[in-house]
Q: 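This is the structure, below, for whatever I ask next.
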There are 2 protein chains.
Amino acid sequence: MKTGNRVARKHVGIRDVAAAAGVSVTTVSHVLNDTPHTRTSDDTRNRVKAAAEELGYQPNRLARGLRIQASGMVGLITEEIATTPHAGKIILGAQEEATRQNLMLAIINSSLNPAVEIDPAGVRAFLDRQADGVIYATVYHDEVNPPEEMLGIPAVLIGARDARGEIPSFMPDERAGAASIVDMLVAAGHRRIAFAASSVDVPATRGRLLGYRDGMLAAGLDPDQFVAAAEGEAKGGYEAAARLLDVAVGADERPTALFCYNDRMAMGAYRAIAERGLTIPADMSVVGFDDQDPIAASLFPPLTTVALPHYEMGARAVAELMGIIESRPEHGLLPGHPTLLACPIVHRDSVAAPSPDKHPRASTH
Amino acid sequence: MKTGNRVARKHVGIRDVAAAAGVSVTTVSHVLNDTPHTRTSDDTRNRVKAAAEELGYQPNRLARGLRIQASGMVGLITEEIATTPHAGKIILGAQEEATRQNLMLAIINSSLNPAVEIDPAGVRAFLDRQADGVIYATVYHDEVNPPEEMLGIPAVLIGARDARGEIPSFMPDERAGAASIVDMLVAAGHRRIAFAASSVDVPATRGRLLGYRDGMLAAGLDPDQFVAAAEGEAKGGYEAAARLLDVAVGADERPTALFCYNDRMAMGAYRAIAERGLTIPADMSVVGFDDQDPIAASLFPPLTTVALPHYEMGARAVAELMGIIESRPEHGLLPGHPTLLACPIVHRDSVAAPSPDKHPRASTH
DNA sequence: CTGAAAGCGCTTACAG
DNA sequence: CTGAAAGCGCTTACAG
């Protein structure tokens, strides 16, 4: 009993399966892995599978990894992003795609905020751990200089393009997203569409402003008339909205729709609008950007906004990484040409057609 | 050249270091790992270290793991939590503590929301990968029934206690947090402190209500007079606040402070208060719970609230896990007795002393 | 103080 | 169709 039970709970290895099935470990490996170019009699296969099942055999991935020189693990480095709201969706997208690809996702948060220089420490940590590839997700930068460590290995960027043009990347198409929501406003009948811009110079600031201008121009509208910039927070939204609403007191000159740089600004704008006795969306439509949880859905009324493709960036990044690892870059994606991912509009209740009937003067002008 | 360069970029192993230093791999291993009970001459040590440095040697963790039967990786399973706002901080805390412990953190999101039964799939995935231990983080449940897979291995729970009482866990001390913020309100001079409770029956609902009552009772105040329950969202906060404010129209009977079940409800309460022409905090102090980003800081005025110890739960969980792995449970923590972590107050600008001077009648009553 | 050798649990030419 | 054997890169008794 002493001898027998001592090993009873021991880990069952391929050797145990082989013994149980009365075959060699070679054969066990072949049938369990469906090794190509290998024939095995049905009888043998069944015996092996039954034995493996019976013993609850789980191949040791460490041993397998050592042998085939691949850990089956990819690393995700998030740059201050784990703390950033809803960037959890990048992690979620990456993790779920990793599972689909039979990969394990490990993560490291980079404390450094390099703006343009990527922190090599996280990359090295993953390399020490035999990661098969690495994803570096930044808060939205334009260009980034990846460290040397990233150049020799399968790598992909999220939220920033590689300045050297060697590493593939995925970024949100903020410009097109912004343009699409002004298109939507135009289609709803709005002509005086204001933009509460951000005063901080980040790529998103430029992209969304450009998109606003695209949309206005496409509709034959003046892209300069109703633009005010302020800090990209609730307070800034309040200020920008106040300025935009107060330039023209008359309802027939006032914007009928307000596009805010982000949802937090929209939150502030809601207040400025309420203070002026105006109702959303009856008197004023407002839209945001980010689909930031829990703001967008919690506002009165719930905010129509454009969503960032966080989940998709995470998922696409690991799919692409897997492609590189197996050296078949997805869709022949060109390194250095970042892939822009669509930012879809999320329709809620803050948009309505303008109501000229309430201000008949507008039509007599 | 052909022969020489072919292997130039090849991975450098312990054998290469041994050769370069003119010693055996045994010795290299001993000096690089500072193996206990092992003497090595300083001269040899230096040669080995220099050689390792020179060659840029990085031990292969897979090989090491296979040999010592420990992957150096721990798994974090998050139950729908990756999507949940600011739970990213659990991941962050776990990751940073893992790095401190020289562990790698891998994550899996559990799609299943079992309420009381934990999804074993994630646990199994980690076991297949030779994880040294597993952390399961739930959205706040009271008790949970871990699958058999978790029983035999180092494991810890976040946000829920093990019904069987075998797995250690960390949970926020919501009750004490709630009590502490009413204490604070009392200290600021408030006596009529209302509570906008949640109508959904989750542990947090009970804990926070209990804490409110503790605080009121401790101050000799009636814990039943000003309580209204509604959905734990902005809308519910609006409704509950409206009810609480309208019961007594007179300023001398109205609550002077409102404690909301969570920050989203506080967001709605802000609106109800503004609609009644009241100012925060001059006419009405309001506090929330969760310190939910970006609501709490974005409100006008910024909301004083109580924070959940997300980062700490993540960090403590991996520290405890490491203790179990090395079989020295931290502080002799008793399994089954969950460790309650403090929920600190985050002071912002939504609290002031009540202003009886504005309503002199109050003192003449 | 140092090293030869076994072995962790797999995969994979290679031979039969 | 099947198996014996080498080897992935380490660590660790054990011997000297």
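Chain letters run A, B, ... following the sequence lines, proteins first and then strands; every chain starts at 1.
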Q: Determine which nucleotide pairs with dA13(C), using a 3.5 Å limit on both distances of a Watson-Crick or G-U wobble pair.
A: none
Q: Applying side chain to side chain donor-acceptor pair (under 3.5 Å) as the test, list every pair that has at least one member in residues 20-32 of chain B; sequence neighbours left out.
A: Ser24(B)-Thr27(B), Ser29(B)-Asn33(B)
Q: Touch check for Thr40(B), heavy atoms < 4.0 angstrom, all strands: base, sugar-phosphate only, or nothing?
A: sugar-phosphate
Q: Nearest-Å distance, CG (Asp43(B)) to P (dT2(C))?
A: 8 Å
Q: Looking at Thr26(A), does any N or O in its side chain come under 4.0 Å of the phosphate oxygens OP1/OP2 on dT2(D)?
A: no
Q: Just how far, in rounded Å, is C1' of dG9(D) from CG of Asn33(B)?
A: 13 Å
Q: What's the closest nucleotide to the side chain of Ile14(A) if the choices are dA4(D), dG3(C), dT11(C)?
A: dT11(C)
Q: Report the nucleotide, chosen from dC8(C), dG9(D), dG3(C), that has the shortest atom-to-atom distance to any side-chain atom of Gln69(A).
A: dG9(D)
Q: Looking at every strand, decide which applies to Thr44(A) at a 4.0 Å heavy-atom threshold: base, sugar-phosphate, or nothing.
A: sugar-phosphate
Q: Are any of Ser29(B)'s side-chain N or O atoms less than 4.0 Å away from OP1 or OP2 of dT11(D)?
A: yes
Q: Over how many whole Å does the gap from Asp34(B) atom CG to dT12(D) atom P extend?
A: 13 Å
Q: Starting the side chain at C-beta, find the nucleotide from dG3(C), dA4(D), dC10(D) nearest to His30(B).
A: dG3(C)
Q: Return the 5'-most residue of the pair Leu62(A), Thr35(A) with respect to DNA chain C, ranking by each residue's nearest nucleotide.
A: Leu62(A)
Q: Give the rounded distance in Å between these two atoms: CG of Leu66(A) and C1' of dC10(D).
A: 8 Å
Q: Between dG3(D), dT11(C), dT2(C), which one does the side chain of Arg64(A) approach most closely?
A: dT11(C)
Q: I want to check something: taking the side chain as every heavy atom from C-beta on, are Leu76(A) and Ile107(B) in contact at a cut-off of under 4.5 Å?
A: no
Q: Given dG9(C), dT11(C), dG3(D), which nucleotide is nearest the side-chain atoms of Val23(A)?
A: dG3(D)
Q: Can you tell me which nucleotide in dT12(D), dC8(C), dC8(D) comes closest to the side chain of Arg15(B)?
A: dC8(D)
Q: Which part of the nucleic acid, if any, lies within contact of Ile68(A), taking any heavy atom under 4.0 Å across all strands shown: a base, the sugar-phosphate backbone alone, or nothing?
A: sugar-phosphate
Q: Is any side-chain heavy atom of Asn60(A) closer than 4.5 Å to a side-chain heavy atom of Arg64(A)?
A: no
Q: Between P on dG9(C) and CD on Gln130(B), what's the gap in Å once rounded to a whole number?
A: 9 Å
Q: Taking only side-chain N and O atoms of Thr27(B), does any of them lie within less than 4.0 angstrom of OP1 or OP2 on dG3(C)?
A: yes
Q: Any salt bridge between Arg47(B) and Asp42(B), counting N to O under 4.0 Å?
A: no
Q: Salt bridge between Arg124(A) and Asp119(A), side-chain N to carboxylate O under 4.0 Å?
A: no
Q: Are there more than 12 heavy atoms of other residues, nucleotides or ligands under 6.0 Å from atom CZ of Arg15(B)?
A: no
Q: When you measure from the side chain of Asn60(A), which nucleotide among dA13(D), dC10(C), dT12(C) comes out closest?
A: dC10(C)
Q: Partner of dA4(C) by Watson-Crick or G-U wobble geometry, both contacts under 3.5 Å, or none?
A: none
Q: Let me know the distance between CZ of Arg67(B) and C1' of dT12(D), rounded to the nearest Å.
A: 5 Å
Q: Regarding dT2(C), can its base be found pairing with the side chain of Ser41(B) as donor and acceptor, where the two atoms are less than 3.5 Å apart?
A: no
